[in-house]
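When a ligand or atom number is given, it counts from 1 through the structure's own listing order. Values below: all heavy atoms of this structure, side chains included; hydrogens, waters and symmetry mates excluded. Please read these numbers as outputs of a predicted model, since none were measured by experiment.
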Amino acid sequence: MPPPNLSNFQKRALDYIRQEKLIETGSHLLIAVSGGPDSVALLHILHVLQQVLNLTRLTALHFDHRLRGKESEGDRAFVEKLAANLRVPLVCRSEDVLAYQRQHALSLEMAARELRHRFFYDLQVRLDAQRIALGHTANDQAEEILLRLFRGTGPSGMVGMLPKTDRGIIRPLLFATRQEIMAYLSEQGLSFRDDSSNQEPFCQRNVLRLEVFPILERHFHSQVISTLARHAGLVRDEEDYWERHLEECWASVCVEEAPLRIALRISSLLSLHHAVQKRILRLAISKIRGNLQGIYSIHLENLVQWVRQSSSGKIFEFPGALWAVHKGDSLLFSTIPPLFSQPAPLSLSAHIPRPGLYAFGPFHLNLSLQDRGSFPDQAMPPTSPHSVRLDADKVKWPLTLRTWQPGDRFQPMGLAGSKKLQDFFMDKKIPREQRKEIPLLCDREKICWIAGYRLDDRVKVTEQTQSVLAIEMRVNSET
Ligand SMILES: Nc1ncnc2c1ncn2[C@@H]1O[C@H](COP(=O)(O)OP(=O)(O)OP(=O)(O)O)[C@@H](O)[C@H]1O
């Protein structure tokens, strides 16, 4: 039973948190507060519910994007005061989003989001916190659903934003509309910061909020936001079922699963229902690429058609770093272009004199120096098969990108001694004909990184690292 002194809205929040199992008792919770209405309500509610949820600790986080001059400073001061009033400790970080955007060629929104989330995850590790609470509401969910639908997402994408992610993000206000949040703020006498950029239809999300939803509410019904948000919940249920069912199907279709390569048995794939075929292909892509960015339902449809009609030796190219090759009864997914299995022009031209952007044949490399300061101990952002971080001071320039040569040795990160590359490949069960396809990044002394697989121990980041060399490798047009 909730304590009797909770308001109706607080009780609903408590019910939602319990029903979705968002927070475990005894947790340390981080609460991301921009100063906007949703996150102010979030902080206030979680503070009220701290005891009943048995949370050992709350910490508020504020990220200053430095994008709106005095207004940004005002946001920070506002959040500082709010947190102090509630006696919740606050951690702020400020970073130059514009510089990061230029350096990584991202949209402003993406750059801000990446830096903000990096800050949240850094703090999660540093403060040993279990969850990070964000203030997304049913309105944000409804916007997300429409945006995804218009972009051509498949059925799985219709789950929208998840109430809880694998990395510890939780969204305790997804059950509430913004109108309800505003009513809560006024009932509790809470003020908030008004972000002037929310009032201009300069991006698709704002167009939906300011122009499309008012029309839908007028011409359909006043609850369209809740209806769309509820729809996301229904899809999530279905997806839970699919996930389990897909595991069984995957086992019957997948014949090889390695970091840079996945092989499916075509005859088994084609014996499945069309809907399952698409989901298996989607799973293969997400496993090999680590994400599904830029992959829409149309790509999966096209691929299914292609598999049905193609013959051995044909190649299907996805947008970004991915190829599917039809070989006998196998469909091989690879992030290394099949062309590269011919002796590559790589060894001739792959000279990397300094950090920067490089393209060698199909490979696009982005090497940038970063201050260790932005990555606190143990909180290096996770790397993927395509990106790694090295201790910049241990790297002996210039670098080269080449392929395996007999006699190559390296010291796999975490191992005490060196190892023949041939043995490493054998341990990883990488077929002989594929070994020559794997790019090796070397410095003047020896191999630094077996792309997609392992760093050399000599160049790994340690507590003593001052400066970090971040390397991202993409194939073909992916940026
Ligand atoms: N600068 C920031 N500092 C800390 N957390 C943030 C920041 N910006 C966004 N967040 C978190 O991400 C959530 C969603 O971000 P979004 O950009 O939709 O929010 P907002 O419009 O800035 O404000 P709010 O959601 O608080 O009304 C916020 O509710 C908040 O929890």
Nearest-neighbour protein heavy atom for atom 21 (O) of ligand 1, which is reported as residue plus atom name and distance = Asn198 ND2, 3.9 Å

Top protein contact for atom 12 (O) of ligand 1, by heavy-atom distance = Leu134 CD2, 4.1 Å

request  = Output all residues satisfying side chain to side chain contact (heavy atoms under 4.5 Å, CB included) with Ala138, sequence neighbours left out; order by chain, then residue number.
outcome  = Thr177, Ile225, Ala229

query = Quick one: which of Arg93, Arg205, Arg116, Arg76 has a heavy atom closest to atom 8 (N) of ligand 1?
reply = Arg116

query = Does atom 17 (O) of ligand 1 have a protein heavy-atom neighbour under 4.0 Å away?
reply = no

message = I'd like to check which ligand 1 atoms, numbered from 1 as shown, lie under 4.0 Å from a non-hydrogen atom of His65.
response = 1 (N)

key: Interfacing atoms of ligand 1 (cut-off 4.0 Å, heavy-atom, His136)   = 14 (C)

Which of the ligand 1 atoms, numbered from 1, are nearer than 4.0 Å to a heavy atom of His62 = 3 (N), 4 (C)

request  = May I ask you to list the atoms of ligand 1 that are less than 4.0 angstrom from any heavy atom of Phe120?
outcome  = 4 (C), 5 (N)

inquiry  = Is a donor from one side chain sitting under 3.5 angstrom from an acceptor on the other, for Ser27 and Arg131?
reply    = no

message = Checking side-chain polar atoms at under 3.5 Å, does Thr137 have a donor or acceptor matched by the opposite partner on Asp140?
response = yes

inquiry  = Minimum distance, heavy atoms only, to atom 26 (O) of ligand 1: which one of Ala60, Ala133, Ser39, Ala32 is it?
reply    = Ser39

For atom 13 (C) of ligand 1, closest protein heavy-atom neighbour = Gly135 N, 3.9 Å

Would you mind writing out the side-chain donor-acceptor pairs for residues 105-117 within the sub-3.5 Å range, not counting sequence neighbours?
from   : atom 1 : to     : atom 2 : distance (Å)
Ser107 : OG     : Met110 : N      : 3.1
Glu114 : OE1    : Tyr100 : OH     : 2.6
Arg116 : NH1    : His65  : NE2    : 3.1

ask   = Touching ligand 1 at all, Asp195? Heavy atoms, strictly under 4.0 Å?
value = no

task = Apply ring-ring contact (aromatic ring centres under 6.0 Å, His included) to Phe175 and Phe9, showing your working.
result = CA-CA 10 Å; Phe175 74 94; Phe9 191 70; 5.5 Å; yes

ask   = Distance below 4.0 Å between atom 29 (O) of ligand 1 and any protein heavy atom?
value = yes

request  = Taking the side chain as every heavy atom from C-beta outward, state whether Glu95 and Phe63 have any pair of such atoms under 4.5 Å apart.
outcome  = yes

ask   = Do the non-hydrogen side-chain atoms of Tyr121 and Leu30 ever get within less than 4.5 Å of each other?
value = no

ask   = Which of the atoms of ligand 1 are close to Leu61, meaning less than 4.0 Å from one of its heavy atoms?
value = 4 (C)

message = Are there over 12 heavy-atom neighbours, none belonging to Met161, within less than 6.0 Å of that residue's CE?
response = yes

request  = Consider only side-chain N and O atoms of His62 and Ser34, and report whether a donor and an acceptor are under 3.5 Å apart.
outcome  = no

task = Identify the heavy atoms of Glu257 and Ile262 that sit nearest to each other, and give their distance.
result = CG-CG1, 4.0 Å

task = Would you mind checking which non-hydrogen protein atom is closest to atom 27 (O) of ligand 1, with the distance to 0.1 Å?
result = Asp38 N, 3.0 Å

query = In the protein, what heavy atom is nearest to atom 3 (N) of ligand 1, and what distance, to one decimal place, separates them?
reply = Phe63 N, 3.0 Å

inquiry  = Counting non-hydrogen protein atoms only, what is the nearest one to atom 23 (O) of ligand 1? Give residue, atom name and distance.
reply    = Ser34 OG, 3.0 Å

